[in-house]
Amino acid sequence: MANFFRRLILIVCSMLLMAGAQAEDSFVLASTTSTEQSGLFSYLLPLFTAKTGIQVKVVALGTGQALDTGRRGDADVLLVHDRVAEDKFIADGWGVERRNVMYNDFVVVGPKADPAKIKSAKDAVEVFKKLSTALFVSRGDKSGTHAAELRFWKEAAIDPKLNTSYKEAGSGMGPTLNMAAAMGAYTLTDRGTWLAFKNRQDLEILYAGDRRLFNAYGVMLVNPAKYPHIKKELGMRFIDWLTAAEGQAAIAGYKINGEQLFFPDAH
Amino acid sequence: MLNTILDAFALLAHLDSGVLAIVLLSLKVSLSAVLLGALLGLPLGAWVAVADFRGKAVFTVLLSGMMGMPTVVLGVIVYLLLSRSGPLGELGLLFTPSAMILAQTLLVAPLIAALTKQVVEDVWRDYATELRAFRYTPWQSMLTLLYDCRYSLIVAVLAGLGRAISEVGAVMIIGGNINGFTRVMSTAIALETAKGDLPLSIALGLVLISMVLGLNALAYGLRQWAMYKFG
């Protein structure tokens, strides 16, 4: 009996170790669903890997979750979009070497018929005022897009919780768009995910262009002083590449149907 | 709806090597988990069926209750264990296939154990007097019964496989759905659905269903063959 269990434990250990064998030169990048679901990473990362031989393992989460993952030491590099939360992350000592990378913009999408008439709004504040009673699907997941949306409601002096047609999806950008499409609802999305999104049904862009809808992405290294296992060297090579001419040009080169999704912003 | 499904079938012809790698990883992770889960669950279930111990009723309820454990909850628990700031963080297993195998093993072992217990218990009722007359220890009775029920127990193992290969909650959290490294069929389908590419997710779903059917057919065939050959 003891023999049997000894053998069992041996098998278990060797299986776990076997599966654990992995490439040496790799690090974990926690990022947002918008960068993954817009297809940017599947375009960008092979270029970096071809140049350096370093594998980037992307875990796509909301910005809030990505920062949490960094705080727990489970990612080496973060690429997120919520400047307020990023600055707090750095100030609290969890991250170092924060740099601007790129931006795109948020757009408000909704049913073609535009029942809330936001097309004619003169700025984003008016858009959100007009949406105060409209059917609206919110990310509701503490992502960067969710944080931005809450900021816009605040600027418009609207409390969305008072709107009985305000739904919190509690999920990523894609599922939220799926839900808005099915319900014929308005929602706020980053342009990248929208352009790559295929199940649009009756939705279209109804408002875009206000400077307030500017959506900036920052990259940073999780503080190696907090977690000694952080792959500082590999992570910094990625951060340097991404913010130098080559990475910036690659970002500008990513297009869907001829439309550029992200705009370099490192300098 | 119909168009989406037709598109899905058209896509099947174009599935590339990337998809093949995902299929292979799915099989590797879930088959390993089922193997480990069976090694733990079969003896555990048979032991619970045969042995008399204090708190057996409570343990039985806990075991069958674990069959309904939400995969996401298990995923979060394993995540907290394996996280760098968790007790097993030193191992650096989070976001690796090993961690996914570990999580799925914890998911299927109780399921296999609970089903095994049920199967073995029924047979134990018929054999108890006999085996006691032979003065078999519980351990010997257990092995004898497991051997006698081996064909019925295939169902328990297949149920474990079905749970492992189809679950998305635990592998998404533990593996992180990393392209080319921890992306499996179920998380790939979740990602394509998120991107609104419904035909592609159905195409991947068809592949997953075919895999599960194939494995079940294989198990059925093996069972028939073994029963014919060895009685």
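Sequence lines set the chain letters: A, B, ... in the order given, protein chains first and strands last, and positions in each chain run from 1. Heavy-atom basis, side chains included; hydrogens, waters and symmetry copies ignored. Predicted, not measured: the structure shown is a model, and the values here were computed from it.
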Which atom pair, heavy atoms only, marks the closest approach of A:Pro111 to A:Leu206?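 Shortest heavy-atom separation between A:Pro111 and A:Leu206 comes out as O-CD1, 3.6 Å.
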Which heavy-atom pair separates B:Cys149 from B:Val123 by the least distance, and what is that distance?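 For B:Cys149 versus B:Val123, the nearest heavy atoms are SG-CG2, 3.5 Å.
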B:Ala51 backbone acceptor or donor facing B:Lys56 side chain under 3.5 Å: yes
Are A:Phe48 and A:Phe238 an aromatic pair, judged by ring center distance below 6.0 Å? yes
Can you say whether [X] sits under 4.5 Å from chain B via the side chain, the backbone, both, or neither, judging by heavy atoms?
| X | answer |
| --- | --- |
| A:Val58 | backbone |
| A:Tyr227 | side chain |
| A:Asn178 | side chain |
| A:Thr69 | both |

Taking it one step at a time, do B:Tyr79 and B:Ile174 satisfy side-chain contact (heavy atoms from CB on, under 4.5 Å)? CA-CA 6 Å; B:Tyr79 180 101; B:Ile174 302 301; 4.0 Å; yes
Of the listed A:Lys198, A:Arg72, A:Gln37, A:Glu36, the one with the largest count of heavy-atom pairs under 4.5 Å with chain B is A:Arg72
Select one option (side chain, backbone, both, neither) describing which atoms of B:Leu191 are under 4.5 Å from chain A's heavy atoms. side chain
